[in-house]
Number of protein chains: 2
Amino acid sequence: MESEEPLRDRLVDVGVELVLTEGVASLGLREIARRAGVSHGAPRRYFPTHQALLSAIARRGFADLAGRFAEAVDEAASPRTQLRALASAYVRYAQERPGMFELMFRHDLLRGQARAAGRPQLREATLPLFGRIVELVTRCREQEDQGPQDVPAAVTAVALWANVHGLTQLWGWGSIGLALGEDDSPRTGNRLDQLIDAVIDAHLGAADA
Amino acid sequence: MESEEPLRDRLVDVGVELVLTEGVASLGLREIARRAGVSHGAPRRYFPTHQALLSAIARRGFADLAGRFAEAVDEAASPRTQLRALASAYVRYAQERPGMFELMFRHDLLRGQARAAGRPQLREATLPLFGRIVELVTRCREQEDQGPQDVPAAVTAVALWANVHGLTQLWGWGSIGLALGEDDSPRTGNRLDQLIDAVIDAHLGAADA
DNA sequence: GCTCGACAGTAGACACTGTCTACGGTGACT
DNA sequence: AGTCACCGTAGACAGTGTCTACTGTCGAGC
């Protein structure tokens with residue numbers, strides 16, 4: 001017996017393990033139950049539907065990501081540095097756990113498929129992150145006095161967030177390497193960092209270097 | 001008889017119709033065959049697998065999008081205006097045909113699931129677009145003499161492309177409205193245009209207004 | 001100490017999916 | 001007339017998610 005753990009948690013554990021190693025396509029309800037060593041009907045006791053189970057797994061992903069943010073960001077550093085760290089952590093997470101990242105943003109797999117049921121509740125998970133970005137962007141603007149132009153900080157924050165997310169997505173499925181010529185560069189990681197810097201500079205004005 | 005059209009094309013037509021009205025989840029192989037009035041085995045004659053059929057449908061989407069680009073962009077206009085038109089067309093397409101847009105970027109549904117088989121062949125569809133963006137960005141830089149900084153044009157182009165794509169994605173699933181407060185604004189379209197402008201200005205320097 | 005009932009998990013059915021294979025039927029060409 | 005390629009049908013197969021009826025098992029109440 002290695003299963004002191006309640007089944008509910010074990011199912012989510014198995015799901016996380018599974019999505020990390022085999023990808024989101026392998027997250028069948030029966031497959032998870034199989035790997036958890038229970039019958040295919042068992043999960044139903046804890047998760048009314050397949051989507052509910054997947055949502056629980058995705059929630060774990062969001063928690064992980066939040067943890068990464070916490071440990072990546074140095075509260076004492078300049079807001080710009082913090083933003084850089086945030087973006088880097090975001091992209092890096094998607095890089096290391098592509099399956100989980102995909103699941104987290106596959107809204108069709110998560111929660112009530114009908115328009116009924118309580119709010120998405122998962123989208124909220126990204127909101128604290130966004131609030132933080134807004135805050136950092138405003139602080140960044142008033143600290144460095146890059147021309148605050150006429151666009152409100154929230155708009156800049158959204159644009160920046162979208163940029164990082166889009167970058168992550170495109171990078172994830174190889175479009176960027178393909179577009180940039182994929183010049184068999186020694187380390188692609190630097191290329192990615194370069195892109196992140198360019199993105200942040202674009203939205204916040206060139207750095208002070 | 002209303003089916004002079006060869007079955008191969010009819011299947012794709014039905015698929016397009018279906019994804020536009022019912023979403024990508026409804027694109028079952030049997031469902032498409034059903035709506036085309038043939039048995040569930042018929043598609044196999046023309047598409048060896050379900051993914052192949054979905055790829056054909058997505059390809060139609062890319063063709064549509066290319067058409068939009070062509071008619072949205074005024075070749076004589078300034079490169080910046082052209083970029084704006086391009087981005088606007090992109091976002092607007094995703095807005096009007098969310099199902100098709102989703103399908104076009106659901107790489108797991110398209111083409112060889114194994115890493116074997118010929119090149120993705122679908123990703124190429126986005127490449128001409130990217131080449132055009134690079135060209136417009138460079139022209140934009142040398143025309144207006146916004147500081148060309150030290151980042152190469154290709155990097156800026158990728159960043160810009162990623163930004164537009166990310167914006168589209170986030171907008172598509174409502175995260176943006178949710179993040180910006182969703183202030184029951186009269187017309188959300190303007191909000192989107194405002195964002196697009198902000199994004200382009202960010203990557204290319206503030207406009208000449 | 002026995003019964004009762006809530007709970008956890010099993011097992012089978014159902015409708016459905018994508019793939020595969022064998023089969024019919026039609027039309028063109030020799 | 002015979003043949004052959006092609007198009008589409010129909011059934012089987014393994015697998016899916018959901019639903020329902022059924023077993024155990026354990027703790028509380030009389």
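Per chain, numbering begins at 1; letters A, B, ... match sequence-line order. These numbers come from the heavy atoms of this one structure, side chains and all, not from hydrogens, waters or symmetry mates.
Taking atom CZ of residue B:R35 and atom P of nucleotide C:dT17, one finds them 12 Å apart after rounding to whole Å. Taking atom NE2 on A:H40 and atom P on C:dA13, their separation rounds to 11 Å, with Å as the unit. Following rounding to the nearest Å, A:L53 (CG) and D:dT18 (C1') show an atom-to-atom distance of 14 Å. Spacing between atom CG of B:L27 and atom C1' of C:dG18 amounts to 14 Å, rounded to whole angstrom units. Atom OH of A:Y46 and atom P of C:dA8 are 5 Å apart (whole Å). Counting to the nearest Å, the C1' atom of C:dG9 and the CG atom of A:L29 are 14 Å from each other. C:dT17 atom P lies 16 Å from atom CG of B:L109, rounded to whole Å. Per the geometry, CZ belonging to A:F47 stands 15 Å off C1' belonging to C:dG9, to the nearest Å.
A residue-by-residue look at A:G41 and A:E31 shows that A:E31 has its nearest nucleotide of DNA chain D further toward the 5' end.
Neither OP1 nor OP2 of D:dG17 sits under 4.0 Å from any side-chain N or O of A:T49. For A:R34 and D:dT16, the shortest distance from a side-chain N or O to OP1 or OP2 is below 4.0 Å.
Counting any heavy atom pair closer than 4.0 Å across all strands shown, B:G28 reaches sugar-phosphate atoms only and no base atom.
A donor-acceptor contact shorter than 3.5 Å links the side chain of A:T168 to the backbone of A:V164. A donor-acceptor contact shorter than 3.5 Å is absent between the side chain of A:R80 and the backbone of A:C140.
Comparing D:dG8, C:dG9, C:dT17 by their nearest atom to the side chain of B:R30 picks out C:dT17. Looking at the side chain of A:R45, the nearest of the listed nucleotides D:dA10, C:dA11, C:dG9 is C:dG9. Side chain of B:H50, nearest nucleotide from C:dA11, C:dG18, D:dG8: C:dG18. Of the candidates C:dT19, D:dG8, C:dT10, the closest approach to any side-chain atom of A:A42 belongs to C:dT10. Of the listed nucleotides (D:dT18, C:dT19, D:dT9), D:dT9 has the atom at the smallest distance from the side chain of B:S39. For A:V38, the side-chain atoms get nearest to C:dT10 when compared with the rest of D:dG11, D:dG17, C:dT10.
Interatomic distance, CG of B:D74 versus CD of B:Q82, reported as 7.0 Å (0.5 Å rounding).
Between B:R35 and B:E31, at least one side-chain N (NZ, or NE/NH1/NH2) sits under 4.0 Å from a carboxylate O, which counts as a salt bridge.
Between B:Y90 and B:F101, the ring centre distance stays below 6.0 Å.
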